[in-house]
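In what follows, a structure is listed as C-alpha cells, so that the remarks can point back to it.
Small disclaimer: the values here were computed from a predicted structure and weren't measured. For the single chain, residues carry numbers from 1 onward in sequence order.
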Amino acid sequence: MNRGLALAGLIALAFGGASVAGSGTATWFSWANGIGGVLLLAVAAARGLARARGAGSPAFRGPLLRASLRVVLTLLAAIAAERGAHSLKLQYDLSFEGKFEPAEATLAALADLCAEGPLDARLYYDDGDARRRSTRVQLETLALESCLGVEERRIDDHPDDEDRFGIASSNTVVLLRQKNGKEGWERVERPTQGALFEALFRLRQLQSGTIYVARGAGEGDFEATGETDFSGLTAALQTEGYVVNQFVSAAARDLPTDASLVLWVAPEREISANALDALRAHLAGGGRLLALLEPGRETGLEVVLREWGIDPLPGLVVDPASGDFEGLARGLAPLAYTYSRRHPVGKGLDANRMTFFHGARSFRLRKPDVGDDLETLVYAS
C-alpha cells in the first residue's frame, strides 16, 4: 500500500514538473499535480514510519545509513555529471528521432552565414505553449556550434514585430542576418530542424541586389514622404537587402549593368525612344523589369510589354465582389487574397493579408514562344 502511494506521488510530481518545464510557467495543472504528489508522499512516509517500530535498533540503523549514503552519493554524482557537461558544453541527444542533433548541412549553412556577419534567432511565443521549450533547446543546441544568438519574445509584448514579420502563431522562429549593413530575415512557422535548415539556406542564397528606379517622366518619387510617394517602398526594399538607385530615363543610352531589376512606377508622360531601346537590350540580355502602369495612359512601355506577350487592354479590372474604396466606384478596387504559393512574389501572403488594387489596369497574357512560362501570381474574387 505504501509503495503504491509513494509511486503515485512520484508520478504526480513528475507530471507537474514536466508541465512547468514544457510551458515555462506554473499552471493549475502543475500546481494540482505538485500538491497532490507531496500529499501522497507525506501519507506514504507517515504510514511507513508508523510501521517501522524497530527503526531505532542498531540492526536497522546500519542498512538504513548505507542505503541513504548510496542515494546521496548517486544524486551528487548525477549533479556533478550535469554541471561538468554544461561547463564543457557537452550534449547528448537521447530523443527517439534525434531531433536535437544538428545535421552537418545545417552546421555548414550556419558557418557560411556567420562568416558574413551577425546571425540571430528570435522565438516568438504565447504563454502556455508547451512546444516552446523543445524549440528553445533546438536553437540553443545550434548556438553552441555557431555564432547564432537566441532570444525569446512574447508575441503580445512585440506587436510591431508581429506585423513586420507576419507572425500568425506561437512557436514561430524568425532568423535575422546582417550583411553589408543590410538586414535580411526568414520566418519559420513550424521550426523543425529541416524547416530551420531551409530558412538558413534561403538566407545564405540571399544576394543583396541593386534596383534602379526610373525618373524623368513623372514617375513616383522614391525619396519623398507624402501619402502618394514611395519612400516607404524604398525602406522596405532596403530592409530586404537591396540597394536602391535612380536613373533619368530620358538620358539613358544603356541601362546599368549591375541592375538586378529596373523599376518604372506610374510614369505620366511618354518615355524616350532611347530609353525604350536601352530597356529592350536590358531584357534581351536576361534583365528584369517591374512596370506599374496607371490605366488610361500611354507611356511607350506598353509597346515593349506587348513584345513580351503582355498586351494592354482598354479599361479597368472590375471585381463585383469588392466594395467601394477611397472614392472609387464599387468593384474598381479589386480585393485579392489568393496568392501563388510557388512564386517568390507571393511569399508570406495568405488569406489573412488582403491586397487592394486601386484602379487596376487590364492586360491579356500570351506566350510569344511555346517554351515561355506564364504564372498567375494573384486572383481576385
Q) Are Thr355 and Tyr339 linked by a side-chain donor-acceptor pair shorter than 3.5 Å? A) yes

**Q.** Greater than 12 external heavy atoms within 6.0 Å of Phe356's CZ
**A.** yes

Q: Examine Leu119 and Leu123 and state if one hydrophobic cluster contains both, with Ile, Leu, Val, Met, Phe, Trp and Tyr joined whenever side-chain heavy atoms are less than 4.5 Å apart.
A: yes

Q. Closest approach of Leu148 and Leu142, non-hydrogen atoms and distance?
A. CD2-CB, 4.0 Å

**Q.** Thr106 side chain vs Pro102 backbone, donor-acceptor pair below 3.5 Å
**A.** no

Q: For Val378 and Phe357, run side chain to side chain contact (heavy atoms under 4.5 Å, CB included): C-alpha distance rounded to whole Å, both residues' side-chain angles, the deciding distance at 0.1 Å, then the answer.
A: CA-CA 11 Å; Val378 60; Phe357 291 86; 4.2 Å; yes

Q. Parallel, tilted or perpendicular for Phe165 and Tyr124, by the 30°/60° rule?
A. tilted

Q: Kindly say whether Leu203 contributes a backbone atom to a donor-acceptor pair with the side chain of Arg177 at under 3.5 angstrom?
A: yes

Q) More than 12 foreign heavy atoms under 6.0 Å from CD of Glu375: is that the case here? A) yes

Q: With side-chain hydrogen bond (donor to acceptor under 3.5 Å, both in side chains) as the test, would you mind laying out the steps for Ser260 and Tyr212 before giving the verdict?
A: CA-CA 8 Å; Ser260 305; Tyr212 281 86; over 6 Å; no

Q.
Whether the side chain of Asp369 engages the backbone of Gly371 through a donor-acceptor N/O pair (distance < 3.5 Å, no angle test) should be reported.
A. no

Q) Just by modelled atom types, is the Arg153 backbone N or O under 3.5 Å from a matching donor or acceptor in the His158 side chain? A) no

Q. Any link between Leu301 and Val213 through a network of hydrophobic side chains (Ile, Leu, Val, Met, Phe, Trp, Tyr) touching at under 4.5 Å?
A. no

Q: State, to 0.1 Å, how close Val150 and Ala143 come at their nearest heavy-atom pair, and which atoms those are.
A: CG2-CB, 3.9 Å

Q | Intermediate values then yes/no, side chain to side chain contact (heavy atoms under 4.5 Å, CB included), Asn245 and Val243 | A | CA-CA 7 Å; Asn245 294 330; Val243 176; 3.8 Å; yes

Q. What distance separates Asn274 CG from Ser249 OG, expressed to the nearest 0.5 Å?
A. 10.5 Å

Q) Is there a donor-acceptor contact under 3.5 Å linking the side chains of Glu189 and Ser169? A) no

(Q) Could you tell me if the side chain of Val303 sits less than 4.5 Å from the side chain of Leu276, heavy atoms only? (A) no

Q. So Lys367 and Leu374, side chain to side chain contact (heavy atoms under 4.5 Å, CB included) or not? Walk me through it.
A. CA-CA 7 Å; Lys367 292 185 177 183; Leu374 288 176; 3.8 Å; yes

Q) Any ion pair linking Arg132 and Glu152 (charged N to carboxylate O, less than 4.0 Å)? A) yes

(Q) Is there a side chain to side chain contact (heavy atoms under 4.5 Å, CB included) between Thr172 and Arg187? Walk through the geometry before answering. (A) CA-CA 7 Å; Thr172 294; Arg187 183 183 66 248; 3.6 Å; yes

Q) Do Leu233 and Phe247 belong together in a cluster built from hydrophobic side chains that touch within less than 4.5 Å? A) no

Q. Atom CD in Glu140, atom CD in Glu145: separation rounded to 0.5 Å?
A. 13.5 Å

**Q.** Ring-ring centroid check Phe363 Trp308, cutoff 6.0 Å
**A.** no

Q: Indicate yes or no: does Glu162 engage Arg164 in a salt bridge with an N to O separation below 4.0 Å.
A: no

Q: With sequence neighbours excluded, give me every disulfide (SG to SG under 2.5 Å) pair touching residues 141-178.
A: Cys114-Cys147

Q) Which atom names give the shortest non-hydrogen contact between Gly216 and Arg269, and what distance separates them? A) O-NH2, 3.2 Å

**Q.** For Glu298, salt bridge (charged side-chain N to carboxylate O under 4.0 Å, His left out) partners two or more places apart
**A.** Arg361

(Q) Are the side chains of Ser340 and Thr376 in contact, using a 4.5 Å heavy-atom criterion? (A) no

**Q.** His282 and Val262, any side-chain heavy atoms less than 4.5 Å apart
**A.** yes

Q. Could you walk me through whether Asp126 and Arg154 pass the salt bridge (Lys or Arg N to Asp or Glu O under 4.0 Å) check?
A. CA-CA 6 Å; Asp126 287 328; Arg154 187 169 174 268; over 6 Å; no

(Q) Please give me the minimum heavy-atom distance between Ser322 and Leu335, naming the atom from each residue. (A) OG-N, 2.9 Å

Q) Say you draw a straight line from CG of Leu293 to CG of Leu305; how long is it, rounded to the nearest 0.5 Å? A) 6.0 Å

Q) Of the non-hydrogen atoms in Pro191 and Val173, which two are nearest, and what is the gap between them? A) CB-CG2, 3.8 Å

Q. Atom CD of Gln193 and atom CG of Leu139: how far apart are they, to the nearest 0.5 Å?
A. 10.5 Å

**Q.** Heavy-atom side-chain contact between Arg297 and Pro267 under 4.5 Å
**A.** no

Q | Lys/Arg-Asp/Glu bridge criterion (N-O < 4.0 Å) met for Asp161, Arg122 | A | yes

(Q) Once rounded to the nearest 0.5 Å, what's the spacing between atom CG of Leu289 and atom CH2 of Trp264? (A) 7.0 Å

Q: Could you grab the distance from atom CD of Glu104 to atom CG of Leu107, nearest 0.5 Å is fine?
A: 8.0 Å

Q | Cluster link Ile310 to Val304, ILVMFWY, side chain under 4.5 Å | A | yes

**Q.** Minimum heavy-atom distance between Gln138 and Thr192, given as atom pair plus value
**A.** OE1-C, 4.0 Å

Q: Report yes or no: do Val265 and Val244 belong to one cluster of Ile/Leu/Val/Met/Phe/Trp/Tyr joined by side chain heavy-atom distances under 4.5 Å?
A: yes

(Q) For Arg366, I'd like to know if atom CZ has over 12 heavy atoms of other residues, nucleotides or ligands within 6.0 Å. (A) yes

(Q) When you compare the side chain of Glu186 with that of Glu198, does any pair of heavy atoms fall below 4.5 Å? (A) no

